[in-house]
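These values consider heavy atoms only, across backbone and side chains, with no hydrogens, waters or symmetry-generated copies.
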Amino acid sequence: MGGFFSVASKEDCVFDLFFGVDYHSHLGTRRAGMAVHGENGFDRAIHNIENSPFRTKFEKDVQEMKGNLGIGCISDYEPQPLIIRSHHGAYALTTVSKINNTKELIEELFDDGHAHFQEMSTGEINATELVAALINKKDNFIDGIKYALDAVDGSLSMMIMNKEGIYLARDKMGRTPIAIGKNEVGFCASFEDFAYKNLGYSDYKELGPGEIAVMTPKNVVTLVNPGKEMKICTFLWIYYGYPASSYEGVNVEWMRYECGKRMAKRDNVKPDVVAGVPDSGLAHAVGYANESGVPYSRPFIKYTPTWSRSFMPTIQSKRDLIARMKQLAVEDLIKDKSLLLIDDSIVRGTQMRETTEYLFESGAKEVHIRPACPPLVYGCKYLNFSRSSSEMELITRRVIERLENGNVTDEILQEYVDPDSEKYATMVEEIRKELNFTSLRFNRLDDMLDAVGIDKDKLCTYCWDGRE
């Protein structure tokens, strides 16, 4: 998906920028970049971080870059920040986005006289360059930012730096967050609020949906007021967010405890131990164990020094291989045990099937699987959740297709997302048999949303129930 960080300071900001961006490394492993502005104008560095961590790649740059304004990012896809020269002047731009209507926007820009776009190595257009072109369509800089937010089908949050300050714009439906921190010499803005805590910043505010603000070393001024509607991604709490992060005032780790607690209240199995799949399944398992009284155990240990996140490689077989290799089994905690295993979700089912097979080969008596979210029935339209090229990569959709003999309509899908329906029960049982689990029970959508604890109308649930 990606994340970003920015600083506006009365002093040199490069140290804070470097570590603030690095704290977003859990959100992407492909590209990273930093851009600063100081007495000598703009300076920028972009590196490929697929085979080396952010800090290693940028250590030399940090020693050479100077400026009191800075933006940076970790990205899954496009190189950024970009430095743009236009009638708005020179500015640097970084985005967190998923643009579904890229083709239509490009055609519109060409019709209006836009000359060209540079293709990336993938053959795709850099999404951040496309956003810059949308901004540049308008005579007024703020109107350009508003136009870009409105024109994109999907999601878009951005940070834009010019010599005056840093413009911050949160997605019009608030699908991704921007939090602002403050210290005695300036301000910072971040996707993850924990990223600035150890750097000496305290919470200042969170931008609301569609809010546009300008951040300088002296203050943060709202230029466009936030909208009333919000659809922040619920998966931020279930999976993406780091345990120390909070969104809309709700901490990720706390939410996962609450989620596991509600799962335990509905369950009727009596395993020997409860365990979580590292990393995001661990807190859900702790919440489950605390509520149920079943002992918590760690039969899997994640080897963290070198393995990247499993969904990042382009080739599915490589993703599966990395997922297996980075999880180390503790066989003494597996043999002759009835295990209840909690993971954040089941997407394709490949990794969980292989994990279960390994547990049985290691002597487990039973393996009960409890995903912390409901079945994923719709491919996400708003975040780059995975590299799935088709909804048929979802195990739920393959099972539904088989059960319905290929005659799948949206009305039929709605029957399968109802946890009290016969079709839902049949789908879950088919998944259980296909993946060789002793039992399978997904978390309910209503329980998961209760665990977040904010107004349910403000939470996006599209990937589970298809509701926009």
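For the pair Lys261 (side chain) and Glu291 (backbone), a donor-acceptor distance under 3.5 Å is absent. The main-chain N or O of Pro243 is found under 3.5 Å from a side-chain atom of Asn251 such that the two form a donor-acceptor pair. When atom types are taken as modelled, the side chain of Asp22 and the backbone of Ser25 share no donor-acceptor pair closer than 3.5 angstrom. Using a distance-only test at 3.5 Å, with no hydrogens or angles considered, no donor-acceptor pair links the side chain of Asn219 to the main chain of Val221. Between the side chain of Asn68 and the backbone N or O of Glu11 there is no donor-acceptor pair closer than 3.5 Å. The main-chain N or O of Val250 is found under 3.5 Å from a side-chain atom of Trp237 such that the two form a donor-acceptor pair.
For NE2 of His116, the number of neighbouring non-hydrogen atoms (other residues, nucleotides, ligands) closer than 6.0 Å is 12 at most. The environment of CD in Glu107 is crowded: more than 12 heavy-atom neighbours from other residues, nucleotides or ligands sit within 6.0 Å. Within a 6.0 Å radius of CD in Glu64, other residues, nucleotides and ligands contribute more than 12 heavy atoms. Within 6.0 Å of CG on Asp455 lie more than 12 heavy atoms contributed by other residues, nucleotides or ligands. No more than 12 heavy atoms of other residues, nucleotides or ligands shown are found within 6.0 angstrom of OH on Tyr242. For CG of Asn140, the number of neighbouring non-hydrogen atoms (other residues, nucleotides, ligands) closer than 6.0 Å is greater than 12. In this structure, Lys218 places its NZ atom where only 12 or fewer heavy-atom neighbours from other residues, nucleotides or ligands lie under 6.0 Å away. Remark: Lys146 NZ is loosely packed, at most 12 non-hydrogen atoms of other residues, nucleotides or ligands lying under 6.0 Å away.
Residues passing the side chain to side chain donor-acceptor pair (under 3.5 Å) test with Asp171: none are found, sequence neighbours excluded. Applying the side chain to side chain donor-acceptor pair (under 3.5 Å) rule to Arg170 yields the partners Glu248; only residues at least two apart in sequence or on another chain are considered. Applying the ring-ring contact (aromatic ring centres under 6.0 Å, His included) rule to Phe15 yields the partners Phe19; only residues at least two apart in sequence or on another chain are considered. Residues forming a salt bridge (Lys or Arg N to Asp or Glu O under 4.0 Å) with Glu206 (at least two apart in sequence, or on another chain): none. In this structure, the salt bridge (Lys or Arg N to Asp or Glu O under 4.0 Å) partners of Asp203, at least two apart in sequence or on a different chain, are Lys197.
At least one side-chain heavy atom of Arg44 sits less than 4.5 Å from a side-chain heavy atom of Leu82. Contact check for Tyr201 versus Ile180: no side-chain heavy atoms found under the 4.5 Å cut-off. Taking 4.5 Å as the limit, every side-chain heavy atom of Phe235 sits out of range of all side-chain heavy atoms of Cys460. At a threshold of 4.5 Å between non-hydrogen side-chain atoms, the residues Asp343 and Ile369 do not count as touching. Between Met352 and Leu341, the closest side-chain pair of non-hydrogen atoms falls below 4.5 Å. A 4.5 Å side-chain heavy-atom check between Ile301 and Arg298 finds at least one atom pair inside the cut-off. By the 4.5 Å heavy-atom criterion applied to side chains, Lys456 and Leu445 are not counted as neighbours. No side-chain heavy atom of Ile395 sits under 4.5 Å from any side-chain heavy atom of Val347.
In this structure, CD1 on Ile400 lies 10.0 Å from CD on Glu391, to the nearest 0.5 angstrom. Rounded to the nearest 0.5 Å, atoms CD1 (Ile99) and CG (Asp153) are 10.0 Å apart. One distance of note links SG of Cys373 with CD1 of Ile346; it measures 9.0 Å at 0.5 Å rounding. To the nearest 0.5 Å, atoms CD1 (Ile166) and CD1 (Ile160) are separated by 11.0 Å. Distance OG1/Thr216 to CG/Leu69: 8.5 Å, rounded to 0.5 Å. Rounded to the nearest 0.5 angstrom, Ser75 OG and Gln80 CD are separated by 4.5 Å.
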Run Asp344 and Tyr240 through side chain to side chain donor-acceptor pair (under 3.5 Å) and show every step you take. CA-CA 10 Å; Asp344 53 77; Tyr240 269 122; over 6 Å; no
Set out, in order, the CA-CA distance, both residues' side-chain angles and the distance that settles side chain to side chain contact (heavy atoms under 4.5 Å, CB included) for Thr396 and Tyr416, then state yes or no. CA-CA 9 Å; Thr396 52; Tyr416 281 98; over 6 Å; no
Can Leu394 and Val377 be said to form a side chain to side chain contact (heavy atoms under 4.5 Å, CB included), step by step? CA-CA 7 Å; Leu394 299 171; Val377 177; 5.9 Å; no
Can you list the steps and then say if Val7 with Met215 is a side chain to side chain contact (heavy atoms under 4.5 Å, CB included)? CA-CA 8 Å; Val7 184; Met215 182 174 74; 5.9 Å; no
Check the pair Ile212, Asn225 against side chain to side chain contact (heavy atoms under 4.5 Å, CB included), reporting the backbone distance first and the verdict last. CA-CA 7 Å; Ile212 302 173; Asn225 289 324; over 6 Å; no
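When all heavy atoms of Gly154 and Asn100 are compared, the pair lying nearest together is CA-ND2, 3.5 Å. Across Met263 and Ala372, no two heavy atoms sit closer than the pair SD-CA, 3.8 Å. Closest of all the heavy-atom pairs between Ile342 and His284 is CG2-CB, 3.7 Å. When every heavy atom of Val14 is checked against every heavy atom of Gly67, the shortest pair comes out as CG2-N, 4.1 Å.
Screening Phe5, Phe54, Phe58 for a ring pair (Phe, Tyr, Trp, His ring centres under 6.0 Å) involving Phe18 leaves a single residue, Phe54.
Between Glu211 and Lys205, at least one side-chain N (NZ, or NE/NH1/NH2) sits under 4.0 Å from a carboxylate O, which counts as a salt bridge. Salt-bridge annotation for Lys137 and Asp112: present, with a side-chain N of the basic residue lying under 4.0 Å from a carboxylate O of the acidic one. Between Lys381 and Glu468 a salt bridge is recorded (basic side-chain N to carboxylate O distance below 4.0 Å). Contact check on Glu184 versus Lys10 returns no salt bridge, with no Lys/Arg side-chain nitrogen under 4.0 Å from an Asp/Glu carboxylate oxygen. Salt bridge Arg55/Glu59: absent, no basic N to carboxylate O contact under 4.0 Å.
Defined by atom type and a distance below 3.5 Å, a donor-acceptor pair is present between the side-chain atoms of Tyr247 and Glu192. Using modelled atom types, one finds no donor on one side chain facing an acceptor on the other under 3.5 Å when comparing Tyr358 with Glu354. In this structure, a donor-acceptor pair under 3.5 Å is present between the side chains of His47 and Asp61. Between the side chains of Tyr239 and Asp279, not a single donor N or O lies within less than 3.5 Å of an accepting N or O. Checking His24 against Ser190 by side-chain atom types alone, a donor-acceptor pair falls below 3.5 Å.
Judged as a ring-ring contact (aromatic ring centres under 6.0 Å, His included), the pairs with a partner in residues 119-158 (not counting sequence neighbours) are, in order, His88-Phe141, Tyr91-Phe141, Phe141-Tyr167.
Annotation: cation-pi geometry not satisfied between Lys231 and Tyr382 (NZ/CZ under 6.0 angstrom from ring centroid, within 45° of ring axis).
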